[in-house]
Amino acid sequence: MSILVTGSDGLVGSSLKKLLGDGHVYHTRKDAELTNKEQTLDYINYHVKHSGVDTIINCAAKVGGVQANMKNNKKFFIDNFVLNNNVIEASFRNEIPNFVNILSTCIFPDKNITYPLTANQINLGPPHFSNHGYAYAKRLAGYEMNIVKQVLNSNWVSVVPTNVY
C-alpha cells in the first residue's frame with residue numbers, strides 16, 4: 001500500500017507526512033500544478049504505475065485567509081473547483097480504491113445551524129459571505145467525490161476537520 005498525499009506542504013498535508021513517514025508520495029506544487037489537468041493526470045498516472053499508489057489523501061487547496069477570500073472569491077472558487085476536480089478525475093480514471101477528500105468547516109452554512117455541527121446541516125444555507133468561493137468549491141468536491149464513490153463502489157470519503165490546530 002502506497003499513499004499519495006496532495007498538498008503535503010500545507011497544514012494538514014505536512015502533519016500527515018510526519019505521521020506517515022517514508023515510503024509514500026508527498027506532492028507539492030513543485031511536483032505538479034493541480035489546477036493544470038494534464039499535469040495532474042500525468043502526475044497521478046505516473047505514481048499509480050511506478051510507486052504503487054492505491055490511496056490518495058487530497059489535502060491540496062488554494063487558500064489565503066479571510067481578507068484574501070473576500071477580495072478574490074471568484075479566483076478561490078475557480079482555482080479550488082478545478083484543482084479538486086482534476087485530482088478526483090485522475091483518481092477516478094485510475095480506479096483508486098481508497099480516497100480521502102479533506103474539506104473545510106467553512107462549507108457549513110452561516111445561519112440556521114446548531115452545535116455541534118453535523119454533516120446533515122451542510123445544505124441548510126449558504127456559507128459565510130467572506131469565503132463563498134472557497135466554501136462552495138469545497139462543497140462541490142464533496143458532492144463529486146460521493147458520485148464517484150458510487151460509480152466505483154470504492155472506499156472514498158470526505159472529512160470535514162472541525163479544528164486542525
Side-chain angles (χ1 to χ4, degrees), residues 1-63 76-108 116-124 127 131 133-165:
M1 173 191 235
S2 182
I3 301 170
L4 187 158
V5 178
T6 63
S8 67
D9 278 348
L11 182 65
V12 176
S14 63
S15 295
L16 283 171
K17 185 175 181 178
K18 287 178 189 172
L19 180 70
L20 296 170
D22 295 335
H24 301 288
V25 179
Y26 299 103
H27 160 270
T28 69
R29 197 171 288 134
K30 290 178 247 168
D31 301 317
E33 176 52 59
L34 300 179
T35 58
N36 180 299
K37 188 172 190 167
E38 292 308 314
Q39 282 186 35
T40 306
L41 289 170
D42 290 347
Y43 183 79
I44 291 177
N45 290 344
Y46 176 85
H47 285 292
V48 167
K49 291 177 184 160
H50 299 286
S51 304
V53 166
D54 66 352
T55 300
I56 294 179
I57 303 174
N58 184 27
C59 301
K62 299 282 184 160
V63 297
F76 278 97
F77 174 77
I78 296 297
D79 286 351
N80 282 287
F81 172 76
V82 169
L83 181 155
N84 284 304
N85 184 65
N86 289 345
V87 172
I88 292 168
E89 179 63 20
S91 301
F92 171 73
R93 289 185 186 187
N94 281 283
E95 298 183 12
I96 296 294
N98 307 300
F99 187 94
V100 179
N101 193 32
I102 305 296
L103 300 177
S104 172
T105 54
C106 73
I107 66 175
F108 284 98
L117 295 171
T118 57
N120 64 344
Q121 296 182 74
I122 291 171
N123 293 313
L124 294 180
N131 59 2
Y134 180 76
Y136 279 120
K138 285 294 192 178
R139 277 190 190 181
L140 286 172
Y143 301 139
E144 182 179 11
M145 194 277 323
N146 284 334
I147 292 167
V148 173
K149 175 183 180 170
Q150 291 175 348
V151 171
L152 291 179
N153 193 26
S154 56
N155 188 27
W156 285 41
V157 63
S158 286
V159 176
V160 183
T162 56
N163 189 347
V164 294
Y165 294 102

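This one's a predicted model, so the numbers in the text were calculated from it and none came from an experiment. In what follows, every heavy atom counts, from backbone to side chain, and hydrogens, waters and symmetry copies are set aside.
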Restricting to non-hydrogen atoms, name the atom on [X] and the atom on [Y] that form the minimum distance, rounded to 0.1 Å.
X	Y	answer
Q39	E33	OE1-N, 2.7 Å
S154	P97	CB-O, 3.5 Å
L152	E95	CD2-CG, 4.0 Å
N101	A141	ND2-O, 3.4 Å

Regarding K138 and E144, does a basic nitrogen lie under 4.0 Å from an acidic carboxylate oxygen?
no
Say whether, by atom type as modelled, one donor and one acceptor occur between the side chain of [X] and the main chain of [Y] under 3.5 angstrom.
X	Y	value
N84	N80	yes
T6	C59	yes
D54	M1	no
N86	T40	no
S104	C106	yes

Is it the case that N45 and N94 place a side-chain donor and acceptor less than 3.5 Å from each other?
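The answer is yes; a qualifying pair exists.
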Any luck finding a side-chain donor-acceptor pair between D79 and T35 under 3.5 Å?
no
Using 0.5 Å steps for rounding, measure from the [atom1] atom of [X] to the [atom2] atom of [Y].
X	Y	atom1	atom2	value
I96	I88	CD1	CD1	13.0 Å
I56	S2	CD1	OG	10.0 Å
N36	D42	CG	CG	8.5 Å

Under the side-chain contact (heavy atoms from CB on, under 4.5 Å) rule, what do L103 and S158 come out as? Steps first, then yes or no, please.
CA-CA 7 Å; L103 300 177; S158 286; 3.6 Å; yes
With sequence neighbours left out, which residue pairs that include part of residues 3-37 fulfil the ring-ring contact (aromatic ring centres under 6.0 Å, His included) condition?
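ring-ring contact (aromatic ring centres under 6.0 Å, His included) check on residues 3-37 returns H27-Y43.
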Going through the checks in order, is the side-chain contact (heavy atoms from CB on, under 4.5 Å) test met by V5 and K17?
CA-CA 8 Å; V5 178; K17 185 175 181 178; over 6 Å; no
Once the angle between the rings of F99 and W156 is folded into 0 to 90°, is it parallel (under 30°), tilted (30 to 60°) or perpendicular (over 60°)?
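Taking W156 first and then F99, their aromatic rings lie parallel (interplane angle under 30°).
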Residues T55, L4; criterion side-chain contact (heavy atoms from CB on, under 4.5 Å); working and verdict:
CA-CA 6 Å; T55 300; L4 187 158; over 6 Å; no
For F92 and V151, what are the C-alpha separation, side-chain angles and deciding distance, and is it a side-chain contact (heavy atoms from CB on, under 4.5 Å)?
CA-CA 9 Å; F92 171 73; V151 171; 3.7 Å; yes
What donor-acceptor contacts under 3.5 angstrom involve side-chain atoms of residues 116-124, with partners at least two apart or in another chain?
from : atom 1 : to   : atom 2 : distance (Å)
T118 : OG1    : N120 : OD1    : 2.4
T118 : OG1    : Q121 : NE2    : 3.1
Q121 : OE1    : T114 : N      : 2.7
Q121 : NE2    : T114 : O      : 3.1
N123 : OD1    : Y143 : OH     : 2.3

